[in-house]
Amino acid sequence: HVQLVESGGGSVQAGGSLNLSCVGWPYTDIRYCTGWFRQAPGKEREGVATIDSDGTVKYADSVKGRFVIPQDDATNTIHLHMNSLKLEDAAMYYCAAASSEPGLEVIRKWGWSFAYWGQGTQVTVS
């Protein structure tokens, strides 16, 4: 069972930057994918950015060019560098890990089934 712990959320003015971190353990799959989702009030949870064990990074169109997952992140730690933040980026941000285990409730994104979630960290943009 994967555990994920986020940190780094907070409040920032539009145009500013924030960095999120997530530590997760244990990963037992040879191929795996971790990343970030967000959920604003009244909206569905949406994928923001993910990185898999091949080093492939995916970004939502809304954050391309502004958000970055460093591709040299360690196996059990990922970051999200958020730059040029906009009002519409405000949301609860969740670290997520994909799983191939059957029977889990998942959100599918970019070919992966995300089943494990952190507790969330709030990002406020004003």
Side-chain angles (χ1 to χ4, degrees):
H1 183 77
V2 176
Q3 298 181 61
L4 302 167
V5 179
E6 306 101 334
S7 61
S11 297
V12 66
Q13 290 188 333
S17 300
L18 279 175
N19 296 319
L20 306 183
S21 299
C22 173
V23 177
W25 63 93
Y27 296 131
T28 58
D29 292 345
I30 293 175
R31 291 195 72 243
Y32 56 86
C33 187
T34 57
W36 298 91
F37 285 66
R38 67 187 181 188
Q39 189 167 20
K43 294 188 176 181
E44 293 188 352
R45 193 168 297 190
E46 62 173 355
V48 175
T50 62
I51 183 168
D52 67 24
S53 49
D54 294 331
T56 299
V57 182
K58 298 285 189 181
Y59 295 100
D61 289 343
S62 60
V63 306
K64 282 182 180 177
R66 300 187 298 120
F67 290 13
V68 177
I69 289 184
Q71 290 187 268
D72 58 352
D73 271 358
T75 300
N76 68 333
T77 304
I78 62 168
H79 301 87
L80 183 66
H81 300 319
M82 304 186 293
N83 303 303
S84 302
L85 282 160
K86 302 177 179 180
L87 294 177
E88 53 264 41
D89 294 320
M92 186 72 79
Y93 281 70
Y94 297 90
C95 184
S99 175
S100 58
E101 293 180 50
L104 298 179
E105 185 174 344
V106 301
I107 294 177
R108 289 192 58 81
K109 186 67 178 179
W110 294 311
W112 294 89
S113 298
F114 291 88
Y116 296 108
W117 304 91
Q119 79 284 358
T121 185
Q122 183 69 43
V123 171
T124 302
V125 184
S126 60

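Just so you know, these numbers use all the heavy atoms, side chains as well, and skip hydrogens, waters and symmetry mates. Keep in mind that what you see is a predicted model, and the values were worked out from it rather than measured.
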State the CH2-CG distance between W36 and L80, to the nearest 0.5 angstrom.
6.5 Å
Atom CE in M92, atom CD in Q39: separation rounded to 0.5 Å?
9.0 Å
Qualifying residues under ring-ring contact (aromatic ring centres under 6.0 Å, His included), relative to Y94, sequence neighbours excluded
none
Is there a ring-ring contact (aromatic ring centres under 6.0 Å, His included) between F37 and W117? Walk through the geometry before answering.
CA-CA 9 Å; F37 285 66; W117 304 91; 5.0 Å; yes
If we ignore hydrogens and angles and just use 3.5 Å, is the side chain of T121 paired with the main-chain N or O of G9 as donor and acceptor?
yes
Hits for side-chain hydrogen bond (donor to acceptor under 3.5 Å, both in side chains) against Y116, two or more places apart or cross-chain, chain-then-number order -> E101
Is the backbone of G120 close enough, under 3.5 Å, to the side chain of E6 for a donor and an acceptor to pair up by distance?
yes
Quick one: side-chain hydrogen bond (donor to acceptor under 3.5 Å, both in side chains) partners of S113, sequence neighbours excluded?
R108
Those residues at least two apart in sequence (or on a different chain) that pass side-chain hydrogen bond (donor to acceptor under 3.5 Å, both in side chains) with S17 are N83
Is there any salt bridge (charged side-chain N to carboxylate O under 4.0 Å, His left out) pair reaching into residues 54-71, and which pairs are they, with sequence neighbours excluded?
R31-D54, D61-K64, R66-D89
With heavy-atom distances below 4.5 Å as the criterion, would you say the side chains of D52 and W110 are in contact?
no
Sequence neighbours excluded, which residues qualify as side-chain hydrogen bond (donor to acceptor under 3.5 Å, both in side chains) partners of K86?
none
Mind checking whether M82 and V57 sit in one hydrophobic cluster, side chains of I, L, V, M, F, W, Y counted as touching below 4.5 Å?
yes
OG1 of T56 to CD1 of I51: how many Å apart, nearest 0.5 Å?
8.5 Å
Heavy atoms of S99 and L104 approach each other most closely as OG-CD1, 3.7 Å
Determine whether more than 12 heavy atoms belonging to other residues, nucleotides or ligands lie under 6.0 Å from atom CD of Q13.
no
Provide the closest heavy-atom pair for A90 versus A40 in the form atom of the first, atom of the second, distance.
O-CB, 3.9 Å
Salt bridge (charged side-chain N to carboxylate O under 4.0 Å, His left out): which pairs involve residues 39-48, sequence neighbours left out?
R38-E46
Minimum side-chain heavy-atom gap W112-V106 below 4.5 Å:
no
Which atom pair, heavy atoms only, marks the closest approach of V68 to Y59?
CA-OH, 3.3 Å
Nearest heavy atoms of C95 and I78, plus distance in Å:
SG-CD1, 4.2 Å
Linking I/L/V/M/F/W/Y whenever their side-chain heavy atoms sit closer than 4.5 Å, directly or via other members, would L20 and L87 fall into one cluster?
yes
So, using side-chain contact (heavy atoms from CB on, under 4.5 Å) as the criterion, who are the partners of V12 when residues are at least two apart?
L18, L85, V125
Could you list the residues that satisfy side-chain contact (heavy atoms from CB on, under 4.5 Å) with S21, not counting sequence neighbours?
S7, H79
What heavy-atom pair brings A97 and L4 nearest, and what distance separates the two atoms?
N-CD1, 3.7 Å
Should we count CD of E88 as having more than 12 external heavy atoms under 6.0 Å?
yes
